[in-house]
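The structure appears right after this line, and notes come after that.
Protein chains get the first letters and strands the later ones, always in sequence-line order, with residue 1 at the start of each. All values reported here derive from a predicted model rather than from experimental measurement. Computed over heavy atoms, backbone and side chain alike; hydrogens, waters and symmetry mates excluded.
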Number of protein chains: 2
Amino acid sequence: MARPRKPLLSRAGIVAAALALVDTEGLAAVSTRRLAAELGVSGPSLYNHFHTKDEILDAVADTVVGEVDLSMFEGCTDWRAALTAWARSYRAALTAHPNIVPFLAQGPGRRPAGLRMADAVFGAMVEAGWPVADATLIGAMMRYFVAGSALGSFARGFVGDPAAYDPSAYPHLGQAHLLPEHQQRVDEGAFEMGLTALLDGLAVRFVTPTRVPEGD
Amino acid sequence: MARPRKPLLSRAGIVAAALALVDTEGLAAVSTRRLAAELGVSGPSLYNHFHTKDEILDAVADTVVGEVDLSMFEGCTDWRAALTAWARSYRAALTAHPNIVPFLAQGPGRRPAGLRMADAVFGAMVEAGWPVADATLIGAMMRYFVAGSALGSFARGFVGDPAAYDPSAYPHLGQAHLLPEHQQRVDEGAFEMGLTALLDGLAVRFVTPTRVPEGD
DNA sequence: ACCTGAACACCGTTCAAGT
DNA sequence: ACCTGAACACCGTTCAAGT
């Protein structure tokens, strides 16, 4: 076939196909040959659009992070409400594409959407009155929690096999771990509990250290 | 050579070599052939001791999680102090072997050390007076945060290249991200800030719902 | 510029063959 | 029982060849 007069591939098309493959069959299923086959081309064709396979996965990760809503940070006055809404949107984006999370959660690297998100959180916290040093910590802290909750999902991380929970070895684990709907409720509950706890803790910190001695 | 009269390999030896390789060269460097070469044998020899490469990595992950101190949960009366000590030990174990964290943080699966840890946390929280449902949430929530902090490390997740932080695109990120010692301080600070916040938040929750109407 | 097939140096895993 | 080399079906990536 050689070069077609209209390109068969595009970066966006490759990324969409890669994301679909990651979602349906997992990260391990994404090989350059398999992905190319999915797109109806031969393996090396991808290298006309990306330098490496890793660059493709970076673009996939960036697409997912790009789905996170950041609008609550614009002209934000209530930092607590903004962080709450953002954390939920962030978690929703990750849990919609759980198989890419281990790759994505390692940090933004040089991915634009990840850096944009870090920038938005930091900027909004400073604007809301947080000291610069704290604003950095808040961004990191929230990222830890949200990424950890998507990655270490109870539902995905505990196997659904009774034999795995020998009651003599693990007297407290019980059989409840087996029920998928229970597991999902644990994930939701633990996320909301942690989110509330983190923000409560921040609220304590917000007033205290910013109180400056008044007067001469 | 065929079968030697004393086995050349052992599960423990393979796991130790694999962990060393993960630590020094990363998860991607661990191939069965490479690992076997490190041990002075040929690739397929490993299959006499493990069924799959994944089983080897599971054993490596279990070794790392096995390094976490759980002694603070024995006869624990102060749940807050116990969770604090445990979270720090947990984080220390993971940050000592950062390259295995993406694999490990996906959940305990059927790894004994991971299940033992989940069991210890849950049991201690119940013993300390937490409702069973909350104890499960606390275990998940803490796991999210600690694993997230080790995985999404600021120091490892942000690239150390000034060109990555175009100030017009990311007006708030600045150049501070470049300094490795600064990054490490951010990770430490964000971890401690989050830990305090989480436990403060839990403390609020602890007293409230367990208060039972007294009296006639 | 953009796709192709051939090729290179790798993979994980199976298996018959050796002791 | 435990190691070996050969073999299978894969990898990521390079590159000359085609239009």
Side-chain angles (χ1 to χ4, degrees), chain A residues 1-22 24-62 99-100 102-104 106 109-111, chain B residues 1-22 24-62 99-100 102-104 106 109-111:
Chain A
M1 153 180 328
R3 175 162 111 96
R5 55 170 50 100
K6 190 172 185 306
L8 298 175
L9 297 175
S10 68
R11 285 178 66 96
I14 293 169
V15 170
L19 179 55
L21 196 51
V22 166
T24 54
E25 306 194 28
L27 203 53
V30 183
S31 73
T32 54
R33 283 172 172 88
R34 175 69 199 283
L35 177 56
E38 216 76 34
L39 289 157
V41 298
S42 82
S45 303
L46 301 172
Y47 290 87
N48 286 295
H49 303 268
F50 291 93
H51 293 104
T52 62
K53 175 186 161 180
D54 237 54
E55 208 176 75
I56 298 175
L57 291 178
D58 259 326
V60 169
D62 209 52
N99 297 330
I100 192 73
F103 181 89
L104 177 156
Q106 299 192 52
R110 39 183 86 243
R111 294 192 296 269
Chain B
M1 150 181 328
R3 176 162 111 97
R5 55 169 50 100
K6 191 172 183 305
L8 297 176
L9 297 176
S10 67
R11 284 178 67 96
I14 293 169
V15 170
L19 178 55
L21 196 52
V22 166
T24 54
E25 305 194 30
L27 203 53
V30 183
S31 73
T32 54
R33 284 172 171 88
R34 175 69 199 281
L35 176 56
E38 216 77 33
L39 289 157
V41 299
S42 82
S45 303
L46 301 172
Y47 289 88
N48 286 296
H49 303 268
F50 291 93
H51 291 104
T52 62
K53 176 186 160 179
D54 237 54
E55 207 177 76
I56 298 175
L57 291 179
D58 260 325
V60 169
D62 208 52
N99 296 331
I100 193 73
F103 182 88
L104 177 157
Q106 299 192 52
R110 38 183 88 242
R111 295 192 295 269

Base, sugar-phosphate alone, or nothing: which one does [X] contact when heavy atoms must sit under 4.0 Å apart?
X       : value
B:Arg5  : nothing
B:Thr32 : base
A:Ser45 : base

Expressed in angstrom and rounded to an integer, what is the separation of [X] atom [atom1] from [N] atom [atom2]?
X       : N      : atom1 : atom2 : value
A:Asp54 : D:dT13 : CG    : P     : 8 Å
B:Arg33 : D:dA6  : CZ    : P     : 12 Å
A:Leu35 : D:dC10 : CG    : C1'   : 16 Å
B:Phe50 : C:dT14 : CZ    : C1'   : 19 Å
A:Lys53 : D:dT14 : NZ    : C1'   : 17 Å
A:Asn48 : D:dT14 : CG    : P     : 12 Å
A:Leu57 : D:dG12 : CG    : C1'   : 12 Å

So if I take every side-chain heavy atom of [X] and compare against [options], which nucleotide ends up nearest?
X       : options               : result
A:Leu8  : C:dC3, D:dC11, C:dT4  : C:dC3
B:Val41 : D:dT4, C:dA7, C:dC11  : D:dT4
A:Tyr47 : C:dG12, D:dC3, D:dT13 : D:dT13

Would you indicate whether the side-chain heavy atoms of [Y] and [X] approach each other to under 4.5 Å?
X       : Y       : answer
A:Ile56 : A:Leu35 : yes
A:Ser45 : A:Leu8  : no
A:Leu57 : A:Phe50 : no
A:Leu39 : A:Leu46 : yes

Q.
Looking at D:dC8, which nucleotide sits across from it as a Watson-Crick or G-U wobble partner, both distances under 3.5 angstrom, or is there none?
A.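 Pairing partner: C:dG12.
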Q.
Both distances below 3.5 Å, Watson-Crick or wobble geometry, any strand: find the nucleotide opposite C:dG18.
A.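 The base-pairing partner of C:dG18, which may sit in any strand shown, is D:dC2.
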Q: Kindly say whether A:His49 contributes a backbone atom to a donor-acceptor pair with the side chain of A:Arg11 at under 3.5 angstrom?
A: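 A pair under 3.5 Å: yes.
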Q. Between A:Asn99 and A:Val22, is there a donor-acceptor pair closer than 3.5 Å when you use the side chain of the first and the backbone of the second?
A.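 Checked: pair present.
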Q: Residues of residues 9-17 of chain B with any non-hydrogen atom less than 4.0 angstrom from an atom of DNA chain C: list those, numerically ordered, please.
A: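 Listed by number, there are none.
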Q: Look at A:His49 and C:dA1 and indicate whether a side-chain polar atom (N or O) is within less than 4.0 Å of OP1 or OP2.
A: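 Answer no for this pair, as no side-chain N or O of A:His49 is under 4.0 Å from OP1 or OP2.
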Q: Please check the phosphate of D:dC11 (OP1 and OP2 only) for any side-chain N or O of A:Ser31 closer than 4.0 Å.
A: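 Affirmative; the distance criterion is met.
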**Q.** Toward the 5' end of DNA chain D, by each residue's nearest nucleotide, A:Thr52 or B:Pro44
**A.**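 Of the two residues, B:Pro44 wins.
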Q: Kindly give the heavy-atom pair with the smallest separation between B:Arg34 and B:Ala29, and that separation in Å.
A: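 B:Arg34 and B:Ala29 have their closest heavy atoms at CG-O, 3.5 Å.
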